[in-house]
Amino acid sequence: LATGPRQNNGIFYEIRTYDIKPSKMKEFIEVVNKYFHLRTGHSELVGFWSAELGAMNKVVHVWKYDDFAHRTAVRHALANDKDWQGKFISPALPLIEKQHNEVAYLVPWCQLGKPPKEGGVYEWVTFQMKPGGPALWGEAFRAAVNAHINTGYTKLIGVFHTEYGLLNTVHVIWWNESPDHRAAGRHSAHEDARVVAAVRDSVRFLESQQNMLLLPLQCSPLK
């Protein structure tokens with residue numbers, strides 16, 4: 001489950017999470033909206049969101065790289081991009097309280113999806129699984145994800161398994177039309193015997209989980 005396609009394909013995703021100073025969130029978003037095109041000219045942005053529920057004054061952005069050499073080249077180019085450094089980095093850094101990054105792969109059974117339309121909300125769910133990797137918990141986790149997909153109330157965007165950062169971590173991104181639509185769908189799913197059975201099997205390998213409701217920023221390809 002964890003090898004094969006992933007090992008033959010160097011593509012990975014860098015997940016960057018920034019905590020913004022509470023009094024500076026509006027200013028940070030304004031700087032992003034004005035100058036972030038300077039960053040996306042260097043490599044592919046998958047999505048950029050701000051947290052609405054489950055966290056406050058937090059943004060998450062995901063970048064796609066062909067391999068580690070590609071990321072090294074991009075980081076070098078950014079360090080030497082005077083426009084990027086002067087117009088974005090210099091004003092943005094004082095607004096940021098904390099930065100965190102992870103490297104993750106899409107699991108082999110998942111392709112990066114897109115929402116059926118713009119204007120919805122994204123749920124970012126993080127699962128901390130027991131040590132052992134997908135060889136231990138992969139099949140049960142996949143069954144739990146598929147059980148939710150089969151209810152039809154939500155759209156799967158991606159399932160990411162960490163390579164650098166806190167290991168045995170899985171991030172799942174879902175799309176829903178609205179927070180109320182998600183709430184109604186979750187209620188129905190919890191009464192679905194297929195979902196209950198799959199989750200009960202998967203939770204044996206679960207250490208903890210948390211989630212955030214995210215809203216896409218203006219620059220986000222995933223709207």
Side-chain angles (χ1 to χ4, degrees), residues 1-17 46-47 49 51 53-55 58 60-71 99-114 122-176 182 185-214 222:
L1 183 67
T3 57
R6 191 185 74 181
Q7 299 303 317
N8 294 329
N9 187 338
I11 292 174
F12 67 85
Y13 299 83
E14 182 178 4
I15 301 167
R16 299 179 72 94
T17 305
V46 174
W49 303 269
L53 297 172
K58 188 184 293 289
V60 182
H61 38 126
V62 179
W63 299 89
K64 181 180 179 181
Y65 292 102
D66 296 334
D67 50 33
F68 288 98
H70 179 210
R71 181 184 183 277
Q99 295 176 295
H100 174 71
N101 77 334
E102 298 169 279
V103 165
Y105 292 95
L106 273 174
V107 297
W109 45 268
C110 173
Q111 294 184 344
L112 195 63
K114 293 184 177 180
Y122 292 79
E123 183 183 10
W124 184 289
V125 190
T126 299
F127 300 87
Q128 186 59 42
M129 309 302 291
K130 293 183 182 297
L136 174 67
W137 43 258
E139 291 185 10
F141 189 86
R142 179 181 183 179
V145 170
N146 284 335
H148 282 88
I149 294 173
N150 292 336
T151 63
Y153 82 89
T154 187
K155 166 70 175 176
L156 179 66
I157 301 300
V159 181
F160 301 87
H161 177 216
T162 56
E163 183 76 4
Y164 286 97
L166 188 59
L167 298 180
N168 295 293
T169 301
V170 183
H171 300 289
V172 183
I173 309 175
W174 301 94
W175 177 91
N176 285 279
R182 175 203 173 271
R186 292 282 293 177
H187 181 76
S188 298
H190 290 163
E191 296 180 346
D192 187 313
R194 298 167 299 173
V195 175
V196 172
V199 170
R200 183 178 291 129
D201 187 41
S202 178
V203 80
R204 296 181 294 129
F205 307 107
L206 181 66
E207 295 280 6
S208 64
Q209 66 188 87
Q210 61 183 26
N211 69 345
M212 297 182 289
L213 187 75
L214 303 177
L222 288 173

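Along the sequence shown, residues are numbered consecutively beginning with 1.
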Legend entry - Reported CZ-to-CE distance for the pair Phe205 and Met129, which is rounded to 0.5 angstrom: 7.5 Å
Inset, instruction - Taking Trp137 for its side chain and Lys130 for its backbone only, find out whether a donor-acceptor pair lies under 3.5 Å. - result: yes
Inset, instruction - Check Asp201 against Ala140 and note the closest heavy-atom contact, atom names and distance. - result: OD2-CB, 3.6 Å
Legend entry - Test log, rule side-chain contact (heavy atoms from CB on, under 4.5 Å), inputs Ile149 and Trp174: CA-CA 10 Å; Ile149 294 173; Trp174 301 94; 3.8 Å; yes
Inset, instruction - May I ask you to decide if the ring planes of Trp124 and Phe160 are parallel, tilted or perpendicular, using 30° and 60° as cut-offs? - result: parallel
Inset, instruction - Step through the shown structure and confirm whether more than 12 heavy atoms of other residues, nucleotides or ligands are within 6.0 Å of CD on Gln210. - result: no
Legend entry - Other residues, nucleotides, ligands: >12 heavy atoms within 6.0 Å of Gln99 CD: yes
Legend entry - With sequence neighbours excluded, residues passing side-chain contact (heavy atoms from CB on, under 4.5 Å) with Ser188: none
Inset, instruction - Report the distance from atom CD of Glu102 to atom OH of Tyr164, rounding to the nearest 0.5 Å. - result: 13.5 Å
Inset, instruction - Check Thr162 against Leu166 and note the closest heavy-atom contact, atom names and distance. - result: OG1-O, 2.9 Å
Inset, instruction - Evaluate the side-chain proximity of Leu156 to Cys110: yes if any heavy-atom separation is below 4.5 Å, no if none is. - result: yes
Inset, instruction - Locate the shortest heavy-atom distance separating Asn168 from Pro131; write the atom from each residue and the value. - result: ND2-CA, 3.4 Å
Legend entry - Donor-acceptor contact below 3.5 Å, side chain Gln128 vs main chain Leu167: yes
Inset, instruction - May I ask you to check whether over 12 heavy atoms, not counting those of Arg200, lie within 6.0 Å of atom CZ? - result: no
Legend entry - Exercise: identify the closest heavy-atom pair between Leu112 and Leu106: N-CD1, 3.7 Å
Legend entry - Contact check, side chains of His148 and Tyr153, non-hydrogen atoms, under 4.5 Å: yes
Legend entry - Gap between atom CG of Asn146 and atom CZ of Phe141 - 0.5 Å precision: 10.5 Å
Legend entry - Rounded distance (nearest 0.5 Å) linking atom CD1 of Ile15 with atom OG1 of Thr169: 9.5 Å
Legend entry - CD1 on Ile11 to CG on Asp66, rounded to 0.5 Å: 6.0 Å
Legend entry - Among Lys64, His70, Arg71, the one residue meeting side-chain contact (heavy atoms from CB on, under 4.5 Å) with Phe12: Arg71
Inset, instruction - Measure from the ring center of Trp109 to the ring center of His161 and say whether it is less than 6.0 Å. - result: no
Inset, instruction - Check whether any side-chain N or O of Thr126 sits under 3.5 Å from a backbone N or O of Asn211 as a donor-acceptor pair, and report yes or no. - result: no
Legend entry - Min side-chain heavy-atom separation Val60-Tyr122 under 4.5 Å: no
Inset, instruction - Hey, could you give me the CG/CZ distance between Asn150 and Arg194, rounded to the nearest 0.5 Å? - result: 6.0 Å
Inset, instruction - Kindly give the heavy-atom pair with the smallest separation between Ala198 and Ala147, and that separation in Å. - result: CB-CB, 3.8 Å
Legend entry - Tyr105 versus Gly10, closest heavy-atom pair with distance: CE2-O, 4.3 Å
